[in-house]
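Residue numbers begin at 1 in each chain, while the letters A, B, ... track the order of the sequences.
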2 protein chains.
Amino acid sequence: MNAEKIPDIIIGRLPIYMRALQRMSEKGIQTTSSQELGERVGISAAQIRKDISQFGEFGKQGTGYHIPFLLDKLRSILKVDRVWDVALVGAGDMGHALARYQGFRDRGFQIVMVFDNDAQKVGEKVGDFIVQDMSSLAETIRKAGVKMAMLTVPAVAAQDVADELVKAGVKAILNYAPISLNVPPDVKVQHIDPASHLQRMTYYL
Amino acid sequence: MNAEKIPDIIIGRLPIYMRALQRMSEKGIQTTSSQELGERVGISAAQIRKDISQFGEFGKQGTGYHIPFLLDKLRSILKVDRVWDVALVGAGDMGHALARYQGFRDRGFQIVMVFDNDAQKVGEKVGDFIVQDMSSLAETIRKAGVKMAMLTVPAVAAQDVADELVKAGVKAILNYAPISLNVPPDVKVQHIDPASHLQRMTYYL
DNA sequence: TTGTTATGGTAAAGTTAATTAACACTTTAC
DNA sequence: GTAAAGTGTTAATTAACTTTACCATAACAA
């Protein structure tokens, strides 16, 4: 075990391994090898062994990895052996889709509140939630101790909302707005921007 | 200009630069520097200069970059100086959100057809489109010469649909299903999986 | 039991890729 | 004419990946 400093690039691969392992587990598969897992996710077996061995010896020589055991370990490493509360800001189409998505729970997350600044949307039901006004955002989030947020507001509003979230104590933001957010170094941001992903592929067409 | 072999990681940063430049341009800003752009997107000035200079000399010493000019060049490099037709497969919540999203057009993409295999959804209107049955997918896509697709079907169906898309001649897939797709090497895949992004951040919380 | 095969963990070496730093040169402002 | 700003480029440095090799263990077949 080498707890010193794990490169972020390795952390980024762990969810991919987890995703595949979870699917194998659902299919009733109990055991896999770095070889097999690698073929599924498109990563070399050596890479996978090296990544996993950063955190301990979770495999068995000769037999491979016991999937439920490895999943437990990965969940614990990524701290998703619990369920994280997440605030959703922006009740547009994307907000609706995320609020209604059933796939978060099994992977360690649940949306617990939804905000929007549009008076027409406030009070409306989105998924299982009543949309709250943005004016109550900071206080509500702080009181609930929520540390993660998903941001699905228009680009022009995104930075302001991000600033609010940071003030409210949020430490991780999943940003759907097509704009790079500026946040303090102790706050993590991940971007989801379908147009950027598409543009990345057209280069090769 | 060094057209030999540009690393994929550089290609992946170009859309981020474009996104920021497009926003600056909308605000009426005509000129920027690697320094300023770097602060906006959180990437070092040296890195930006190096990335851009892979493709030519688009800046002026002493003055920086003319934003409309640089944008044109980047659009041309990423081949989004045209509008790409995109097929959307999966008319669930996420499919609806994407079909109605207005932000693709300005960045080089337009959805032109929507498919689902649910008889209840076929014929329904999603955004400006009538949902078509999956059985017509391969033929319709091939006839229209569509090369890109967005995949918002459940994980269990994703690989089968991807196989269909590949058969139909699609060369780039934006996959929203939480599963790693296996496709031939000449087909590009990008994954969008919010739970993975969230898991990547919880490690640091 | 014994040999064989499959497999993970580790380490070393080599290779490639990515990032950062440094600097010469150009342009603009004054 | 001089200082400041800023690029493009090269060099230096660091990081990531790949390859290879080897050992220890486990499962299984003879």
Side-chain angles (χ1 to χ4, degrees), chain A residues 1-14 16-17 20-21 24 29-74 77 185 200 203-204, chain B residues 1-17 20-21 24 29-74 77 185 200 203:
Chain A
M1 166 90 81
N2 166 22
E4 291 167 29
K5 181 61 177 73
I6 308 291
D8 183 60
I9 194 164
I10 293 181
I11 301 304
R13 281 193 293 259
L14 298 188
I16 297 171
Y17 302 155
L21 291 167
M24 292 164 91
I29 307 173
Q30 288 281 312
T31 304
T32 189
S33 64
S34 58
Q35 181 75 40
E36 185 189 27
L37 182 56
E39 277 161 19
R40 284 191 186 244
V41 301
I43 293 175
S44 78
Q47 180 88 73
I48 289 177
R49 289 208 303 276
K50 218 176 162 201
D51 285 352
I52 292 176
S53 70
Q54 300 288 307
F55 303 97
E57 306 191 359
F58 303 147
K60 255 194 198 156
Q61 286 144 332
T63 54
Y65 298 96
H66 183 59
I67 293 178
F69 177 77
L70 180 55
L71 264 175
D72 266 1
K73 291 298 183 183
L74 291 174
I77 290 162
R200 185 169 184 165
Y203 176 78
Y204 299 99
Chain B
M1 167 88 81
N2 166 22
E4 292 167 30
K5 181 62 180 73
I6 309 291
D8 182 62
I9 194 164
I10 294 183
I11 302 304
R13 281 192 294 258
L14 299 187
I16 297 171
Y17 302 155
L21 291 167
M24 292 164 90
I29 306 172
Q30 287 283 310
T31 305
T32 190
S33 64
S34 57
Q35 181 76 42
E36 184 188 27
L37 181 57
E39 279 161 18
R40 283 189 185 247
V41 301
I43 292 175
S44 80
Q47 179 90 79
I48 289 176
R49 289 206 303 279
K50 203 164 178 232
D51 285 352
I52 293 176
S53 70
Q54 301 289 308
F55 304 96
E57 307 193 358
F58 304 147
K60 253 195 199 155
Q61 286 152 332
T63 54
Y65 299 95
H66 183 60
I67 291 178
F69 177 76
L70 180 55
L71 264 176
D72 266 0
K73 291 298 184 185
L74 291 175
I77 291 162
R200 187 171 181 162
Y203 176 78

S.K.: Need one value for Ile9(A): base, sugar-phosphate or nothing, where a base atom within 4.0 Å counts as base even if backbone is also close, heavy atoms only.
M.R.: sugar-phosphate
S.K.: Nearest of dG8(C), dA16(D), dT19(D) to any side-chain atom of Ala46(A)?
M.R.: dT19(D)
S.K.: If you check every side-chain atom of Gln47(A), which of dT18(D), dG8(D), dG8(C) has the closest atom?
M.R.: dT18(D)
S.K.: Find the distance Asp51(A):CG to dG8(C):P and express it as a whole number of Å.
M.R.: 13 Å
S.K.: Would you compute the distance between atom CD1 of Ile6(A) and atom OH of Tyr203(B) and round it to the nearest 0.5 angstrom?
M.R.: 5.0 Å
S.K.: Nearest whole Å is fine: how far is dA15(D) C1' from Ile6(A) CD1?
M.R.: 14 Å
S.K.: Return the minimal non-hydrogen interatomic distance between Leu74(B) and Leu14(B), and the atom names on each side.
M.R.: CD2-CD2, 4.0 Å
S.K.: In this structure, how many angstroms lie between the C1' atom of dT19(C) and the CD1 atom of Ile10(B), rounded?
M.R.: 11 Å
S.K.: Lys73(A): what forms a side-chain contact (heavy atoms from CB on, under 4.5 Å) with it, not counting sequence neighbours?
M.R.: Phe58(A), Phe69(A)
S.K.: I need the CD1-C1' distance between Ile11(B) and dA17(C), as an integer number of Å.
M.R.: 15 Å
S.K.: Using a 4.0 Å cut-off on heavy atoms, which residues in residues 34-45 of chain A reach DNA chain C? List them by number, or say none.
M.R.: Ser34(A)
S.K.: Where is the tightest heavy-atom contact between Ile11(B) and Arg200(A), given as atom of each residue plus distance?
M.R.: CG2-O, 3.8 Å
S.K.: A side-chain contact here means heavy atoms from C-beta on lying under 4.5 Å apart; do Phe55(B) and Ile10(B) qualify?
M.R.: yes
S.K.: Dump the pairs, protein N or O against N or O of nucleotides 14-16 of chain C, anything under 3.5 Å, distances to one decimal.
M.R.:
none

S.K.: Please write out each protein N/O paired with an N/O of nucleotides 23-28 of chain D under 3.5 Å, distance rounded to 0.1 Å.
M.R.:
{"residue": "dT25(D)", "atom": "O4'", "partner": "Gln61(A)", "partner atom": "OE1", "Å": "3.3"}
{"residue": "dA26(D)", "atom": "O4'", "partner": "Gln61(A)", "partner atom": "O", "Å": "3.0"}

S.K.: Just name whichever nucleotide pairs with dG1(D), Watson-Crick or G-U, keeping both distances under 3.5 Å, else none.
M.R.: dC30(C)
S.K.: Just verifying a value: how many Å separate Thr63(A) OG1 and Gln30(A) CD, rounded to the nearest 0.5 Å?
M.R.: 12.5 Å
S.K.: Which nucleotide in the set dT10(D), dG8(C), dA16(D) lies at the smallest distance from any side-chain heavy atom of Lys50(B)?
M.R.: dT10(D)
S.K.: Within this structure, what is the CD1-to-P distance between Ile48(B) and dT9(D), rounded to whole angstrom?
M.R.: 17 Å
S.K.: Ignoring hydrogens and angles, state whether a donor on the side chain of Asp8(B) or Tyr204(A) is under 3.5 Å from an acceptor on the partner side chain.
M.R.: yes
S.K.: Quick check: closest heavy atoms across Thr32(A) and Leu21(A), and the distance to 0.1 Å?
M.R.: CG2-CD2, 4.0 Å
S.K.: Counting only pairs under 3.5 Å, give me each side-chain donor-acceptor contact of residues 37-52 of chain B, with atom names and distances, residues two or more places apart or in other chains.
M.R.:
{"residue": "Glu39(B)", "atom": "OE2", "partner": "Gln35(B)", "partner atom": "NE2", "Å": "3.1"}
{"residue": "Ser44(B)", "atom": "OG", "partner": "Gln47(B)", "partner atom": "N", "Å": "3.1"}
{"residue": "Arg49(B)", "atom": "NH1", "partner": "Ser34(B)", "partner atom": "OG", "Å": "3.3"}
{"residue": "Asp51(B)", "atom": "OD1", "partner": "Arg13(B)", "partner atom": "NH2", "Å": "3.1"}
{"residue": "Asp51(B)", "atom": "OD2", "partner": "Arg13(B)", "partner atom": "NE", "Å": "2.7"}
{"residue": "Asp51(B)", "atom": "OD2", "partner": "Arg13(B)", "partner atom": "NH2", "Å": "3.3"}
{"residue": "Asp51(B)", "atom": "OD2", "partner": "Tyr17(B)", "partner atom": "OH", "Å": "2.6"}

S.K.: Between Arg49(B) and dA21(C), does any side-chain N or O lie under 4.0 Å from OP1 or OP2?
M.R.: no
S.K.: Can you tell me the distance, in whole Å, between the CD atom of Glu57(B) and the C1' atom of dT26(C)?
M.R.: 12 Å
S.K.: Would you say Tyr65(B) reaches dA5(D)'s phosphate, i.e. side-chain N/O to OP1/OP2 under 4.0 Å?
M.R.: no
S.K.: Sequence neighbours excluded, which residues qualify as side-chain hydrogen bond (donor to acceptor under 3.5 Å, both in side chains) partners of Asp72(B)?
M.R.: none
S.K.: Please report, rounded to the nearest Å, how far the C1' atom of dA18(C) is from the CD atom of Gln54(B).
M.R.: 11 Å
